[in-house]
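Worksheet: one structure, shown below.
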Amino acid sequence: MTNREVAKTLDNIADILQIKDENPFKVRAYRQAANSIYGLDENINYLYKKGLLGDIPGVGKAIQAKIEELLDKGNLEYYDALLQEVPQGVLDILTIPGIGHKTVQILFAKLGIIDINELLQAALNQKIRTLPGIGAKTECAIINGIEMLKENKHYTLGLVLPIAEELLAHLKESEQVLNAALVGSIRRGKPLVSDIDILVSAEDEAGVRYNTANFRAVKQIINSEAGHIEGLLQYNIPFEVIIVADKDYYKSLLRTTGSKDHIKHLQILNNRDAAKDYQSEYQVYSFYNLDYIPPELREDQGEIEAAAEDSLPQLVNEDDIQGDLHVHSNWSDGSGKIAEIAQMADSLNYSYIAITDHSRSLPISGGLNEERLMAQGQEIDQLNAADNRIKILKGTEADILKDGSLDFSAETLREMDIVIGSIHSNFRLEKEKQTDRIVQAMKNENVDIIGHLSGRLLNRRPAYELDYDRILDEASKNRVILEMNSHPDRLDIDAELARKAREYNIKIAINSDAHHKQDLKLIKYGLMNARRGWLEKKDVVNTWSWEEIKAYIKK
DNA sequence: GCCGTTTTCGGCCCGACTGTTTTCAGTCG
């Protein structure tokens, strides 16, 4: 069992206990343990073997025993019994925006609704509005919410990529496999993907078949015919393994990477049969008289024309990244000490890192008031004095309040090396008001970066209404940096807007928004998205030295 | 259910917004 699966189980237990209206502190205990496990650096099986489960914050005797049972037997009696009372389908209802545990409890108790489909039927029949405390508006919100969820038949790249990489590594271990790669939308770095596609070249298909079926996360093989294996992985993620002869590998690599529009456009360009033995994708593109096109650009958005004219962008690379400008510590809702985060940043060869904890209007996240912010600054000064391998920057992720002001005084903000302004409340203002609010923040001379601009949460919450032309115009005028938030649930701003921002000469910061030190590595998702937005090194401020950034943000 | 330079009990982040009400409960961050 993986860390994620253990954490998810504890989270589900918390949900069921909350629906059953049990002691809220007990609920929180399960949630905290789950959160700790989500953020662990180590494999939980390893910790169990070493007898270190009890060292995980929030894991006491009772939860430790439950984790051990899970890891030993693959299931947990306590949890199975809870599921008898409150089935999984009831928990799924919690994913509908605006529906919490109390509402789920009422739906379950009064109408016996046990899954999303039954809920939709009841809502369409106007039965929900008859329940105590629930009216027509909520009923409508339920219908809209379910429709939104049904449209989202896609998985976030953050969920799928680690499993895909594991399956790829597993296949590569086998002797029969000559070449193998992730292909399809994963290779193109799309934030949401519908399945995992892997291309394999092999002389012996039977060996590949055997190996695929033996991968630990394979739930079911649906189809297995010549050149092709199809099935389901954990979380019901569909996967496909495409097997070709080695001489066809690079041609197939291009074809299976897609996108469909990109391939179609290529074929119109040159309809001759490219039945050659290519040694690389570069060679395939040169057959079409084109420069090599990186997978992230292959969406038929002008990349083929650019490749023909030798004017493709030199996309930003992982090696270019010099630091991270948005990281939370245990001073607010992060889990790591500043010193540990700095150490991790050093191991990633960064030269600077900004500690940007929440501000006071986010009390649930332990937002800092002026006094604590200053105290944090002193700790950072001490750390910088003790160790100069990495520069720790003093920052804040200050809330943009409803009227566009920030909840720190100008005086306090001036003390900071870097200030991110972000919205964490009032998501549903009308378009003009929401835009005014952000423009107001951008005009604030102390704001350097706007964090997660659109507020979208993939598969969960749509972006809020904004006039993006006006935003880009003002960002450019006020020399405000826009954040490319790397969290795979956000990837905000999206690639399309990033590309547009580039036209306005707006600079982008690819930030991790890490809440655990391990999350610093999430930057790879932001990088993929930045590349999909055609961004080059010069567009991305955290490819620059801190001195260069400082000179840029000094307005 | 966890945790403890107040350790075996008694605490354990909260404030704004929304919808349903007519003073409040539920949700969200």
Side-chain angles (χ1 to χ4, degrees), chain A residues 9-11 13-37 53-67 76 78-79 82 93-110 123 128-142 144-145 328 330-335 357-369 372 397-403 407 422-430 433-434 437 451-452 455-457 460-462 464 485 487 489-490 492 513 515:
Chain A
T9 306
L10 296 177
D11 242 344
I13 291 173
D15 280 333
I16 296 176
L17 295 177
Q18 205 173 343
I19 289 168
K20 280 160 52 80
D21 204 22
E22 296 233 5
N23 178 357
F25 298 109
K26 186 169 166 182
V27 172
R28 191 192 298 164
Y30 276 97
R31 273 223 214 280
Q32 266 168 353
N35 273 335
S36 288
I37 292 165
L53 287 179
D55 289 356
I56 302 170
V59 175
K61 276 187 182 164
I63 294 184
Q64 178 177 344
K66 292 188 170 73
I67 296 172
L76 172 62
Y78 174 67
Y79 177 49
L82 285 175
I93 295 173
L94 287 170
T95 57
I96 301 167
I99 305 299
H101 300 84
K102 288 279 185 230
T103 312
V104 163
Q105 199 277 331
I106 293 171
L107 293 167
F108 183 46
K110 302 259 177 192
I128 306 296
R129 63 179 69 189
T130 63
L131 294 170
I134 304 178
K137 264 197 169 168
T138 304
E139 193 175 70
C140 269
I142 286 174
N144 291 336
H328 296 272
N330 62 0
W331 281 76
S332 69
D333 60 347
S335 71
D357 277 308
H358 289 288
S359 60
R360 57 189 167 186
S361 40
L362 221 53
I364 182 78
S365 303
L368 274 56
N369 57 20
R372 291 190 66 226
E397 182 182 16
D399 253 59
I400 302 174
L401 306 176
K402 197 173 177 179
D403 63 356
D407 66 345
S422 297
I423 285 182
H424 292 109
S425 61
N426 295 293
F427 300 124
R428 284 193 272 175
L429 292 187
E430 59 185 83
K433 280 203 176 139
Q434 197 70 285
R437 179 186 185 187
H452 44 72
R456 75 169 180 181
L457 289 175
R460 275 188 287 159
R461 188 174 73 201
Y464 24 77
N485 189 297
H487 196 289
D489 288 347
R490 291 192 182 269
D492 182 11
D513 196 359
H515 286 72

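Per chain, numbering begins at 1; letters A, B, ... match sequence-line order.
- One interatomic measurement links the two molecules: CG of Asp399(A) to P of dG15(B), which rounds to 14 Å at whole-angstrom precision.
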* Heavy-atom protein contacts under 4.0 Å, nucleotides 24-29 of chain B, coded B base, S sugar-phosphate only, - none -> --SSSB
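- Comparing dG26(B) with dT21(B), their P atoms are spaced 12 Å from each other, to the whole Å.
- For Phe25(A), the side chain to side chain contact (heavy atoms under 4.5 Å, CB included) test picks out Asn23(A), Arg28(A), with sequence neighbours left out.
- Separating the P atom of dT20(B) from that of dC28(B) is a span of 14 Å, rounded to the nearest Å.
- Of the nucleotides present, dG11(B) is the one that pairs with dC2(B) by Watson-Crick or G-U wobble criteria, both distances under 3.5 Å.
- Residues forming a side chain to side chain contact (heavy atoms under 4.5 Å, CB included) with Asn426(A) (at least two apart in sequence, or on another chain): Lys402(A), Leu429(A), Arg437(A).
- Atoms CZ (Arg129(A)) and P (dT21(B)) sit 12 Å apart, rounded to a whole Å.
- The residue Ala136(A) sits close only to the backbone: its heavy atoms come under 4.0 Å of sugar-phosphate atoms, none of a base.
- Nucleic acid contact for Gly133(A): sugar-phosphate only, since backbone atoms but no base atoms lie under 4.0 Å from a heavy atom of the residue.
- Proximity of Asn23(A) to the phosphate of dG1(B): no side-chain N or O atom is located under 4.0 Å from OP1 or OP2.
- For the pair Ile19(A) and Ile16(A), the minimum side-chain heavy-atom distance is 4.5 Å or more.
- Atom CD of Glu430(A) and atom P of dC17(B) are 15 Å apart (whole Å).
- One can place CZ of Arg437(A) at 14 Å from P of dA16(B), the figure rounded to the nearest angstrom.
- Taking atom P in both dC9(B) and dC14(B), the straight-line distance is 25 Å, to the nearest Å.
- dG4(B) and dT8(B) have their P atoms separated by 13 Å, with the value rounded to a whole Å.
- The closest donor-acceptor contact from the side chain of Asp489(A) to the backbone of Leu457(A) lies at 3.5 Å or more, if one exists at all.
- Nucleotides dT7(B) and dG11(B) are separated by 14 Å at their P atoms, to the nearest Å.
- The separation between Gln18(A) atom CD and dG1(B) atom C1' is 14 Å, rounded to whole Å.
- Residues passing the side chain to side chain contact (heavy atoms under 4.5 Å, CB included) test with Asp21(A) are Lys102(A), sequence neighbours excluded.
- The side chain of Thr138(A) contributes an N or O atom lying less than 4.0 Å from OP1 or OP2 of dT20(B).
- Computed from coordinates, the Asp403(A) CG to dC17(B) P distance equals 11 Å when rounded to whole Å.
- Comparing the P positions of dT22(B) and dG29(B) gives a spacing of 28 Å, expressed to the nearest Å.
- Mapping Glu139(A) and Ala62(A) onto DNA chain B by nearest heavy atom places Ala62(A) closer to the 5' end of the strand.
- As rounded to whole Å, 16 Å separates atom C1' of dC17(B) from atom OH of Tyr464(A).
- Rounding to the nearest 0.5 Å places NZ of Lys20(A) at 8.5 Å from NZ of Lys26(A).
- Proximity note for Tyr30(A) (side chain, C-beta onward) versus dG1(B), dC13(B), dT18(B): the nearest is dG1(B).
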Show me, pair by pair, the donor-acceptor contacts under 3.5 angstrom made by side chains of residues 128-136 of chain A, not counting sequence neighbours?
residue   : atom : partner   : partner atom : Å
Arg129(A) : NE   : Glu139(A) : OE1          : 2.7
Arg129(A) : NH2  : Glu139(A) : OE1          : 2.9
Thr130(A) : OG1  : Lys127(A) : O            : 2.6

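- Set against dC12(B), dG1(B), dC17(B), the side chain of Lys402(A) has dC17(B) as its closest nucleotide.
- At least one side-chain nitrogen or oxygen of Lys66(A) sits closer than 4.0 Å to the OP1 or OP2 atom of dG1(B).
- Taking atom C1' in both dA16(B) and dC12(B), the straight-line distance is 22 Å, to the nearest Å.
- Rounded to whole Å, the separation between the P atoms of dC13(B) and dC3(B) comes to 13 Å.
- Residues satisfying the side chain to side chain contact (heavy atoms under 4.5 Å, CB included) criterion with Asp11(A), sequence neighbours excluded, are Arg31(A), Ala34(A), Tyr38(A).
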* So His515(A) and His487(A), ring pair (Phe, Tyr, Trp, His ring centres under 6.0 Å) or not? Walk me through it. -> CA-CA 10 Å; His515(A) 286 72; His487(A) 196 289; 8.0 Å; no
